[in-house]
S.K.: 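My questions all concern the structure below.
In what follows, residues are counted from 1 in the order of the sequence shown.
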Amino acid sequence: MVDCEKFLNSYQLKDIEGILLDFDGTIVPSEKVFFRAWQEIFKNKYQCLFTDKEYIENELEKDTKLIDYLIECNRLSPGIEKSVLMQDVYDKYDVEYSNMLKDTDFSTVLKHIKKWRSAGIKLSIVSTSRRNYIDMFFERYKDYKKMFSYIFCREDVKMLKPNPMVYLLAAERLGLGCSRCLVIEDSTKGIEGAIAAHMKVVKVLANTFDIGGSSTNLDIPVVQSIEDIIL
């Protein structure tokens, strides 16, 4: 693990011209909310239990991989309708996500991010989230949406993280070389994608579900909160 202050001090401000921020698990604790939705639906409707570790190793790696894994372990029926199950999960998540936005104030972290924009740094969100969830967030925080030059979601790319496509697309749209971009991520697959794009990357722990991911073994700086990243 690298000391974040030393890491950032090794670059002059002019060397970091763009910051690409993940959304789920980085700006908002939505990964934790999504996990709870999975747990509740699987337990209450399908009488199926799984551990945090099983979720991280499967669902956080690839969508629906957890379902396949649980079928292989004979904990779910092979004939289960995956589309119905996933709709149940997302219906539950919609409610919990909306409640999270009502109950949590994100203005402090957004004000901190705004300082970077005021300093002339270009900002973009690079997320695998569905666009409607980010739209719901910015319905509540309208005044902060304009500080992001671009917002990329899963609908905007053919290949999701850890493929570097979304980072490369963001850098291209911002008119920046990859070496000029700093990525702020929380998940292993996000960090791997940023590294594959040859960008600097910082891992944030505060809202992540992937605390025990293999990215903790990488030679990258780790901070508790976005507010700990001082440029």
Side-chain angles (χ1 to χ4, degrees), residues 19-46 48-56 58-60 63 66 85-118 123-148 151-155 160-161 183-191 202-213 215 222-230:
I19 295 181
L20 315 182
L21 294 105
D22 179 44
F23 184 75
D24 292 313
T26 301
I27 295 177
V28 298
S30 47
E31 290 283 9
K32 296 177 181 178
V33 176
F34 196 45
F35 171 70
R36 290 197 299 271
W38 273 82
Q39 271 195 323
E40 290 187 29
I41 291 298
F42 273 60
K43 178 182 178 181
N44 297 332
K45 189 167 183 178
Y46 297 92
C48 178
L49 301 176
F50 53 85
T51 66
D52 296 13
K53 182 180 179 181
E54 288 174 320
Y55 180 82
I56 291 171
N58 292 280
E59 173 56 20
L60 287 188
D63 289 347
L66 179 61
L85 189 156
M86 288 305 302
Q87 189 58 56
D88 289 339
V89 171
Y90 272 103
D91 287 346
K92 179 64 176 176
Y93 177 61
D94 287 349
V95 174
E96 297 300 327
Y97 182 83
S98 179
N99 290 337
M100 181 265 293
L101 292 183
K102 293 176 183 176
D103 297 339
T104 310
D105 183 11
F106 296 99
S107 59
T108 300
V109 69
L110 289 170
K111 287 176 182 177
H112 185 77
I113 294 171
K114 189 175 182 179
K115 292 178 183 178
W116 302 335
R117 187 68 189 91
S118 299
L123 302 176
S124 176
I125 287 177
V126 286
S127 176
T128 56
S129 174
R130 295 181 179 182
R131 182 169 293 278
N132 64 298
Y133 294 116
I134 296 181
D135 288 343
M136 288 172 63
F137 179 82
F138 283 113
E139 275 296 311
R140 187 173 179 84
Y141 297 98
K142 291 183 176 70
D143 294 341
Y144 293 97
K145 185 177 182 179
K146 59 186 178 183
M147 67 185 180
F148 295 100
I151 296 176
F152 296 101
C153 305
R154 69 165 51 226
E155 293 91 340
L160 301 179
K161 305 171 186 178
V183 175
I184 301 176
E185 273 282 0
D186 74 296
S187 69
T188 296
K189 63 183 179 182
I191 290 167
V202 174
K203 179 171 182 172
V204 178
L205 297 177
N207 294 320
T208 187
F209 189 83
D210 192 16
I211 292 177
S215 61
V222 178
V223 297
Q224 183 62 31
S225 167
I226 286 178
E227 296 167 73
D228 295 328
I229 304 173
I230 308 297

S.K.: Does Asp94 use its side chain to pair, donor to acceptor, with the backbone of Asp91 at less than 3.5 Å?
M.R.: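 No; judged by distance alone, with no hydrogens or angles, the pair does not exist.
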S.K.: Which distance, rounded to the nearest 0.5 Å, do you find between the CD1 of Ile191 and the CD1 of Ile184?
M.R.: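 Output value for this atom pair is 11.5 Å.
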S.K.: If we only count heavy atoms from C-beta on, is the Trp38 to Lys92 side-chain gap below 4.5 Å?
M.R.: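 SC-SC contact between Trp38 and Lys92 ruled out.
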S.K.: Compare all side-chain heavy atoms of Glu31 with those of Thr208 and state whether any distance is below 4.5 angstrom.
M.R.: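 No, every pair of side-chain atoms sits at 4.5 Å or beyond.
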S.K.: May I ask you to decide whether Lys43 forms a salt bridge with Glu40, counting only side-chain N to carboxylate O separations under 4.0 Å?
M.R.: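 Judged by the 4.0 Å cut-off on N to carboxylate O distance, Lys43 and Glu40 do not form a salt bridge.
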S.K.: If you draw the axis of the six-membered ring of Tyr90, does the NZ or CZ of Arg130 fall within 45° of it and under 6.0 Å from the ring centre?
M.R.: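 Yes, cation above the ring, under 6.0 Å and within 45°.
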S.K.: Do you know the tightest heavy-atom contact between Ile19 and Trp116?
M.R.: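 The pair with the smallest heavy-atom distance is CD1-CE3, 3.4 Å.
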S.K.: SG of Cys48 to CD1 of Ile41: how many Å apart, nearest 0.5 Å?
M.R.: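 Between atom SG of Cys48 and atom CD1 of Ile41 there are 12.5 Å.
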S.K.: Check whether Arg131 reaches the backbone of Glu155 with its side chain - one donor and one acceptor, N or O, closer than 3.5 Å.
M.R.: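 It does not hold such a pair.
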S.K.: I'd like to know if the side chain of Lys115 and the backbone of His112 have a donor-acceptor N/O pair within less than 3.5 Å.
M.R.: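 Flag not set: sc Lys115 to bb His112 has no pair under 3.5 Å.
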S.K.: How far does CD1 of Ile226 sit from CG of Asn207, to the nearest 0.5 angstrom?
M.R.: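 Interatomic distance, Ile226 CD1 to Asn207 CG, rounded to 0.5 Å: 7.5 Å.
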S.K.: Do the side chain of Tyr141 and the main chain of Phe106 share a donor and acceptor less than 3.5 angstrom apart?
M.R.: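 Between the backbone of Phe106 and the side chain of Tyr141 there is a qualifying donor-acceptor contact (under 3.5 Å).
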S.K.: List for me each residue that meets ring pair (Phe, Tyr, Trp, His ring centres under 6.0 Å) alongside Tyr93, sequence neighbours excluded, and say none if there are none.
M.R.: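 Residues passing ring pair (Phe, Tyr, Trp, His ring centres under 6.0 Å) with Tyr93: Phe34, Tyr97, Tyr133.
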S.K.: Compare every heavy atom of Arg117 with every heavy atom of Met147, then report the nearest pair and how far apart it is.
M.R.: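 Minimum heavy-atom separation between Met147 and Arg117: O-CD, 3.2 Å.
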S.K.: Is there a donor in the side chain of Glu54 and an acceptor in the side chain of Asn58, or the other way round, less than 3.5 Å apart?
M.R.: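 The criterion, which ignores hydrogens and geometry beyond distance, is not satisfied for Asn58 and Glu54.
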S.K.: Val204 versus Glu185: any side-chain heavy-atom pair under 4.5 Å?
M.R.: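 Val204 vs Glu185: side chains apart.
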S.K.: Below 4.5 Å, heavy atoms only, C-beta onward: do Ile134 and Ile125 meet side chain to side chain?
M.R.: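 Yes - at least one pair of side-chain heavy atoms lies under 4.5 Å apart.
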S.K.: Kindly give the heavy-atom pair with the smallest separation between Glu96 and Val33, and that separation in Å.
M.R.: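 Heavy atoms of Glu96 and Val33 come nearest at CB-CG1, 3.4 Å.
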S.K.: What distance separates Ser129 OG from Asp24 CG, expressed to the nearest 0.5 Å?
M.R.: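 Ser129 OG to Asp24 CG: 4.0 Å, rounded to 0.5 Å.
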S.K.: Tell me if the centroids of the rings in Phe138 and Tyr144 come within less than 6.0 Å of each other.
M.R.: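 Phe138 vs Tyr144: aromatic centres not under 6.0 Å.
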S.K.: Side chains of Val183 and Val202, heavy atoms from C-beta outward: is any pair under 4.5 Å?
M.R.: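 No, their side chains stay 4.5 Å or more apart.
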S.K.: Hey, is Lys203 close enough to Asp186 for a salt bridge, meaning N to O under 4.0 Å?
M.R.: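 Not counted as a salt bridge, because no side-chain N and carboxylate O are separated by less than 4.0 Å.
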S.K.: Can you list the steps and then say if Leu21 with Ser124 is a side-chain contact (heavy atoms from CB on, under 4.5 Å)?
M.R.: CA-CA 6 Å; Leu21 294 105; Ser124 176; over 6 Å; no
S.K.: Mind checking the CG-CG spacing from Asp88 to Asn44? Nearest 0.5 Å is all I need.
M.R.: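 Atom-to-atom, Asp88:CG and Asn44:CG are 11.0 Å apart.
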S.K.: Considering all heavy atoms of both residues, which atom of Arg140 and which atom of Thr104 are nearest to each other, and what is their separation?
M.R.: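 Taking every non-hydrogen atom into account, NE-O, 4.4 Å.
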S.K.: Side chains of Arg154 and Ser127: does their closest heavy-atom pair fall under 4.5 Å?
M.R.: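 Counting from C-beta outward, Arg154 and Ser127 never come under 4.5 Å.
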S.K.: Distance from Thr26 atom OG1 to Leu20 atom CG, nearest 0.5 Å?
M.R.: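 Answer rounded to 0.5 Å: 12.0 Å.
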S.K.: Could you tell me whether the side chain of Lys189 reaches within less than 4.5 Å of the side chain of Leu160, counting heavy atoms only?
M.R.: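 Leu160 does not reach Lys189 side chain to side chain.
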S.K.: Please examine the side chains of Phe137 and Ile27, heavy atoms only from C-beta on, and report whether any two atoms are closer than 4.5 Å.
M.R.: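 Heavy-atom side-chain distance check passes, below 4.5 Å.
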S.K.: Test side-chain contact (heavy atoms from CB on, under 4.5 Å) on Phe23 and Thr128 and set out the steps.
M.R.: CA-CA 8 Å; Phe23 184 75; Thr128 56; over 6 Å; no
S.K.: So, for Ser30 and Gly25, which heavy atoms are closest and what is the spacing to 0.1 Å?
M.R.: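 Ser30 and Gly25 have their closest heavy atoms at OG-N, 3.8 Å.
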S.K.: Output yes when a side-chain donor or acceptor of Lys161 lies under 3.5 Å from a complementary backbone atom of Val126, and no otherwise.
M.R.: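 Such a contact is found between Lys161 side chain and Val126 backbone.
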